[in-house]
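I have placed the structure first, in the form of structure tokens, so that the comments after it can refer back to it.
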Amino acid sequence: MEQAEKRDIRQLSLEQLTEYFVQIGDKAFRAKQVYEWLWKKSAKDFDQMTNISLSTREKLKSEFTINHIAVDQMQRSGDGTIKNAVKLYDGMIVESVLIPTEKRITACISSQVGCSLDCNFCATARLKRMRNLNADEIYDQVVAIKDQSEQFFNRPLTNIVFMGMGEPLLNYANVLESIEKITKPDGLGMSPKRITLSTVGIPKMIKKLADDEVKFNLAVSLHSAINDTRSAVMPINEKSPLEELGDALKYWYYKTKSKVTYEYVVWRGINDKEKDVDALVKFCKIIPSKVNLIEYNPIDDGEFQQASEDALNLYVSKLEAAGIVAKVRRSRGKDIDAACGQLANKS
Ligand code: SAH
């Protein structure tokens, strides 16, 4: 008889593991021990679980596997940024990035293989969406970067941003489960205040985040506060225009009392006029917010070009005059295609 396919033990919750151990006549606390090995200690092999008896380990081995991602290729940028091509258990590849600054080490991680949204300035949008990542595949990217942070910089990982490949709010359950594991003491024990989820802004899902009273930070890729302009660069805006996004953000603020960060690229001839700035200032008044003006990372033939310094300065001065914090963010890791919007499995 052919052996039944082994299950991935990391798909089981602590409750399910507990049920399993009780059912095989073992102690309930065994589940907690195994769970810690799987998540807190990232064990890749049952034989690492030295406080579990040999016979129990053998039984686990006969029924389960431990799936893990593997860093397939690592590239280092001149500015210290590291880009990982990460192989998932079915051979698919996503990318994750370690971004070092003086004060922080940030992990930028992916939530989907490819992306289904067609933002036409983003390299990932050129890849078809293949599938969602499981919670463990998201979590493992963080662990891999945490290890690299200690190995190469001798510093701890301080921040996590869901700004890699994919739209995190279209993989809601797995993203939230991964964040739970990242923040829980029997996971990585990181503070949710150090985690930022970045989204194109799907109103229904932003309201769901609010209802779930999440404690992490929310960033919305805005790029324009004028419907026609935003729809031209982000087709999602046709389905969910700015009015709906604004309503969802009001609900977010009402429930969580957390402000939102808008990510915004200024392109020559697209959103670099005074009317664009004024529309953004107005949109920023809907709820408490700040703006990150991100440098554009060219991805192809030059359909989009970074706007002039004058245009950026106009944004900064008008936002600041209205009492809104605005920062210009210079790109990191451009030489290895690791910057925002450049992740496209090219390596
Ligand atoms: N889907 C999510 C997260 C991935 S994109 C989102 O859209 O927010 C992470 C950030 O990079 C977003 O703000 C996105 O608008 C920005 N981005 C995409 N392509 C870019 C490019 N070529 N140059 C600069 N920023 C880009």
Side-chain angles (χ1 to χ4, degrees), residues 81 83 94-97 99 106-127 129 132-133 138 141 159-172 174-175 178-179 195-203 205-206 209 216-225 229-237 239-240 245 248-249 260-268 270-271 280 289-307 312 327-346:
T81 302
K83 180 169 85 169
V94 291
E95 291 175 340
S96 62
V97 184
I99 308 151
T106 302
C108 174
I109 57 178
S110 294
S111 56
Q112 296 183 312
V113 185
C115 189
S116 60
L117 302 168
D118 296 312
C119 304
N120 48 21
F121 49 85
C122 177
T124 307
R126 313 266 152 103
L127 306 174
R129 177 196 164 280
N132 283 338
L133 264 60
I138 300 171
Q141 291 174 64
N159 295 74
I160 300 170
V161 294
F162 283 80
M163 293 187 191
M165 294 173 154
E167 168 49 48
L169 293 188
L170 293 179
N171 184 14
Y172 192 91
N174 291 328
V175 165
S178 73
I179 294 177
I195 302 175
T196 300
L197 183 151
S198 174
T199 173
V200 292
I202 301 164
M205 302 315 285
I206 291 177
L209 284 176
F216 49 80
N217 304 300
L218 178 65
V220 172
S221 301
L222 198 60
H223 304 310
S224 174
T229 308
R230 191 166 192 260
S231 295
V233 292
M234 300 178 73
I236 182 84
N237 192 70
K239 257 188 267 161
S240 311
L245 178 58
L249 289 168
V260 63
T261 301
Y262 297 121
E263 289 154 278
Y264 202 104
V265 179
V266 189
W267 292 287
R268 188 181 302 254
I270 294 179
N271 57 355
L280 177 61
S289 60
K290 62 175 187 174
V291 176
N292 280 341
L293 295 162
I294 318 173
E295 190 183 351
Y296 176 57
N297 303 305
I299 56 164
D300 54 14
D301 42 24
E303 188 192 344
F304 291 92
Q305 281 155 32
Q306 171 71 39
L312 276 185
K327 293 224 170 72
V328 177
R329 299 265 182 220
R330 303 286 166 200
S331 284
R332 307 291 306 273
K334 259 198 207 175
D335 54 337
I336 54 167
D337 281 334
C340 292
Q342 291 188 315
L343 301 184
N345 292 345
K346 275 202 289 189

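Numbering of ligands and ligand atoms starts at 1, following listing order. Source: prediction; values computed, not measured.
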Practice problem: Give the residue, atom name and distance (to 0.1 Å) of the protein heavy atom nearest atom 15 (O) of ligand 1. | Solution: H223 NE2, 2.6 Å
Quiz item: How far does CZ of F121 sit from OG of S221, to the nearest 0.5 angstrom?
Solution: 6.5 Å
Quiz prompt | Geometric class of the Y296/W267 ring pair [parallel <30°, tilted 30-60°, perpendicular >60°] | solution = perpendicular
Self-check item: Student check: side-chain heavy atoms of L245 and N237 closer than 4.5 Å
Solution: no
Quiz item: About how many Å separate CD1 of I160 and CD1 of I179, when rounded to the nearest 0.5 Å?
Solution: 8.0 Å
Self-check item: Exercise: do E167 and T199 side chains pair donor with acceptor under 3.5 Å
Solution: yes
Quiz item: Who's the nearest protein heavy-atom neighbour of atom 6 (C) of ligand 1, and how far?
Solution: S221 OG, 3.4 Å
Quiz item: Which protein non-hydrogen atom lies closest to atom 25 (N) of ligand 1, naming both residue and atom, and how far is it?
Solution: C340 CB, 3.4 Å
Practice problem: With heavy atoms only and a cut-off of under 4.0 Å, state how E295 meets ligand 1: side chain, backbone, both or neither. | Solution: backbone
Quiz item: Are the side chain of E295 and the backbone of S331 linked by a donor-acceptor contact shorter than 3.5 Å?
Solution: yes
Quiz item: For atom 1 (N) of ligand 1, which candidate among S198, A123, G166 provides the closest heavy atom?
Solution: G166
Quiz item: How close does the nearest protein non-hydrogen atom get to atom 23 (N) of ligand 1, and which residue and atom is it?
Solution: N297 N, 3.0 Å
Quiz prompt | Numbered atoms of ligand 1 (with element) below 4.0 Å of E167, judged on heavy atoms | solution = 1 (N), 2 (C)
Exercise. Select one of side chain, backbone, both or neither to describe which atoms of M163 lie under 4.0 Å from any atom of ligand 1, heavy atoms only.
Key: both
Practice problem: State which residue, out of V94, V113, L133, fulfils the side chain to side chain contact (heavy atoms under 4.5 Å, CB included) condition with M165. | Solution: V94
Exercise. Ignoring angles and geometry beyond distance, decide whether F121 reaches within less than 3.5 Å of ligand 1 through its nitrogen or oxygen atoms.
Key: yes
Practice problem: Specify side chain, backbone, both or neither for T199, according to which of its non-hydrogen atoms lie closer than 4.0 Å to ligand 1. | Solution: backbone
Quiz item: Applying a strict 4.0 Å limit to heavy atoms, is M234 in contact with ligand 1?
Solution: no
Quiz item: So which protein heavy atom does atom 19 (N) of ligand 1 come closest to, and at what separation?
Solution: G341 CA, 3.0 Å
Exercise. To the nearest 0.5 Å, tell me how far T106 OG1 sits from N159 CG.
Key: 4.5 Å
Quiz item: Among protein heavy atoms, which lies nearest atom 10 (C) of ligand 1, and at what distance?
Solution: E263 OE2, 3.7 Å
Quiz item: Looking only at heavy atoms of G164, does any of them come nearer than 4.0 Å to an atom of ligand 1?
Solution: yes
Exercise. Return the minimal non-hydrogen interatomic distance between K83 and I336, and the atom names on each side.
Key: NZ-O, 2.9 Å
Quiz item: Which of the atoms in ligand 1, numbered in the order shown and given with their element, are less than 4.0 Å from a heavy-atom of C122?
Solution: 18 (C), 19 (N)
Quiz item: Do any N or O atoms from the side chain of N271 and from the backbone of V265 form a donor-acceptor pair under 3.5 angstrom?
Solution: yes
Exercise. Under 4.0 Å from a heavy atom of V200: give me the atoms of ligand 1 that qualify, with their elements.
Key: 6 (C), 7 (O), 8 (O)
